[in-house]
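To keep things clear, I will list the structure first and then write my remarks on it.
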Amino acid sequence: MTDHFDALETRSPDEREASVMECLRAQLTMGRETTPALAEALDGVDPAGITDRAALARLPILRKASLVERQRKAPPFGGLAARPAHEFDHLFQSPGPIYEPGMTSVPDWWRFARALHAAGIRSSDRVHNAFAYHLTPAGTMLESGARALGCAVIPGGVGNTEAQVTAAADCGATAYIGTPDFLKVMLEKAAEIGRDLSAITRAWVSGGALFPSLREGYREAGIQCLQGYATADLGSIAYETTAMEGLIVDEGVIVEILRPGTGDPVPEGEVGEVAVTLLNADYPLLRFCTGDLSAILPGTSPCGRTNMRIRGWMGRADQTAKVKGMFVRPEQVAAIVARHDAVTKARLTVSREAEQDAMILTVETAEADPALADAVAGTLRDVLKLRGHVETAAPGSLPNDGKVIDDTRDYG
């Protein structure tokens, strides 16, 4: 409980705030000269006046939609990077598409070592990394953090479960990093083919919800499973510790909780949208709105770390849901409806079945053709790249509450 990564985690809140604001002012001063988008955001603003959170809250926010538009006009990074694209080690692509820079020549550039250390992962571990390595940055991000701790990494990636289980068993993996659900898939496959993964005793998961029942199942299997909150744009934002009382904000970011649709901070404890200022001179994102909902958890963690705590992921401000590690958005549901003239309205319900994410798309239609549901299911697979069940309903059956995606999962 008191084994901390470094002294930054236990400094006084006043000391941290002074240091963070000093770093921010220096970054903004430099960014005005090196980062066109930041210079635009700071037009008429003296960085020397950014001395506290109230001053930060007066600066403009950046949303994903405007990030996509900026990158289309000024590829690949929309004027938000402080160095030319060829000076980065990697150029990643996430759905949108959104492009993110990456540096593996700089140790732990995305700051994941701190989060993995809090989960009990150490230099003696052989870490099975089941995050994607293709185009998206997650696999490389987490490998960078594990390598910074001195761990050997098995680059499992996604899919091909039997091969991953075989590699993890043969190499003696002692820790797992990946999405919450896939560890269960690996354990079930190992039991099916007679392979032993009992050496895995620690896990760090992200990219989806760690449901209480799933965590309990891992505990019963002898695996301590902790979670983190991160994005492709920002890297590590917050991480769980063995105290399991909220998520501790990373030392390399400033987190604000804003009233959705605005740039205004909400009172402590109130649910709002997570906005992050990234203290990284290479990619100095300012007040980047993630679209995720959370709330500040009052008080200090029993683990001794003194930084702000958030309650964790509490849904999406825009009704977007994460299903099996993939974002599902209201506009995608609208695209499904648009492909079928007989469908007038739809609602996607996301739930849990047998510890797996499940989707039911209910579509309103006056047509009695039984083949319609199968056709819509095919469109759902094409648009979402996920499988889901389709049900038909009479016109007017769905609630008139504005919901396009209804996430009914229990987040504990």
Side-chain angles (χ1 to χ4, degrees), residues 63-65 68 94-98 132 136 158-161 179-182 184-185 188-189 207-214 217 260-261 271 273 290-293 313-412:
R63 295 199 175 278
K64 274 187 183 284
V68 171
S94 295
I98 294 174
T136 56
V158 297
N160 204 358
T161 306
T179 58
D181 287 349
F182 190 65
K184 182 174 184 291
V185 172
E188 290 173 344
K189 177 59 73 172
L210 176 57
F211 296 95
S213 58
L214 191 59
V271 176
E273 183 177 9
T290 64
D292 295 324
L293 296 175
W313 189 82
M314 300 176 68
R316 294 286 293 178
D318 58 2
Q319 291 189 42
T320 298
K322 187 172 281 188
V323 182
K324 297 182 179 177
M326 299 279 287
F327 281 119
V328 177
R329 307 178 189 280
E331 55 266 32
Q332 291 176 300
V333 177
I336 295 169
V337 173
R339 294 192 190 184
H340 297 273
D341 292 338
V343 175
T344 57
K345 188 178 180 181
R347 173 185 289 220
L348 185 71
T349 302
V350 183
S351 62
R352 294 284 287 181
E353 295 179 5
E355 296 299 347
Q356 298 288 322
D357 291 337
M359 297 187 300
I360 296 177
L361 182 67
T362 304
V363 298
E364 289 189 359
T365 178
E367 192 170 298
D369 184 359
L372 178 62
D374 290 338
V376 175
T379 305
L380 184 150
R381 287 194 301 273
D382 291 342
V383 173
L384 302 185
K385 312 304 181 190
L386 296 166
R387 294 182 180 274
H389 178 68
V390 174
E391 296 179 348
T392 59
S397 298
L398 292 173
N400 184 26
D401 58 7
K403 275 193 177 181
V404 176
I405 298 176
D406 185 15
D407 190 345
T408 65
R409 293 171 292 185
D410 178 8
Y411 290 94

Answer yes or no: are there more than 12 heavy-atom neighbours, outside E331 itself, under 6.0 Å from its atom CD? yes
Give, for atom NZ of K189 and atom CG of N160, the distance between the pair rounded to the nearest 0.5 Å. 10.0 Å
How many angstroms lie between CG in L214 and CD in Q356, if you round to the nearest 0.5 Å? 8.5 Å
For S351 and T408, the nearest pair of non-hydrogen atoms, with its separation, is CB-OG1, 3.5 Å
Can you sort out the partners of R347 under salt bridge (charged side-chain N to carboxylate O under 4.0 Å, His left out), two or more places apart, ordered by chain and number? D401, D406
Only one of V404, L348, V333, V328 forms a side-chain contact (heavy atoms from CB on, under 4.5 Å) with Q319, so which one is it? V404
Could you pull out every donor-acceptor pair under 3.5 Å between side chains of residues 361-368 and any protein atom, sequence neighbours left out?
from : atom 1 : to   : atom 2 : distance (Å)
E364 : OE1    : G396 : N      : 3.0
E364 : OE2    : G396 : N      : 3.3
E364 : OE2    : S397 : N      : 3.0
E364 : OE2    : L398 : N      : 2.7
T365 : OG1    : A342 : O      : 2.7
T365 : OG1    : E367 : N      : 3.0

K322: partners by side-chain contact (heavy atoms from CB on, under 4.5 Å), with sequence neighbours left out: F327
T290: side chain to side chain donor-acceptor pair (under 3.5 Å) partners, not counting sequence neighbours: Y229
May I ask you to test the I336-V376 pair for a side-chain heavy-atom distance under 4.5 Å? yes
Answer whether the closest heavy-atom distance between the side chains of R63 and E273 falls below 4.5 Å. yes
Can you tell me how far CG of D181 sits from CZ of F211, rounded to the nearest 0.5 angstrom? 7.5 Å
Partners of R409 by salt bridge (charged side-chain N to carboxylate O under 4.0 Å, His left out), sequence neighbours excluded? D357, D407
Quick one: are L293 and P260 in side-chain contact, heavy atoms under 4.5 Å? yes
Quick one, T320 with I405, criterion side-chain contact (heavy atoms from CB on, under 4.5 Å). Give me CA distance, side-chain angles, the key distance, then yes/no. CA-CA 7 Å; T320 298; I405 298 176; 5.7 Å; no
For residues 377-392, which side-chain donor-acceptor pairs fall under 3.5 Å, sequence neighbours excluded?
from : atom 1 : to   : atom 2 : distance (Å)
T379 : OG1    : H340 : NE2    : 2.6
T379 : OG1    : A375 : O      : 3.2
K385 : NZ     : D382 : O      : 2.9

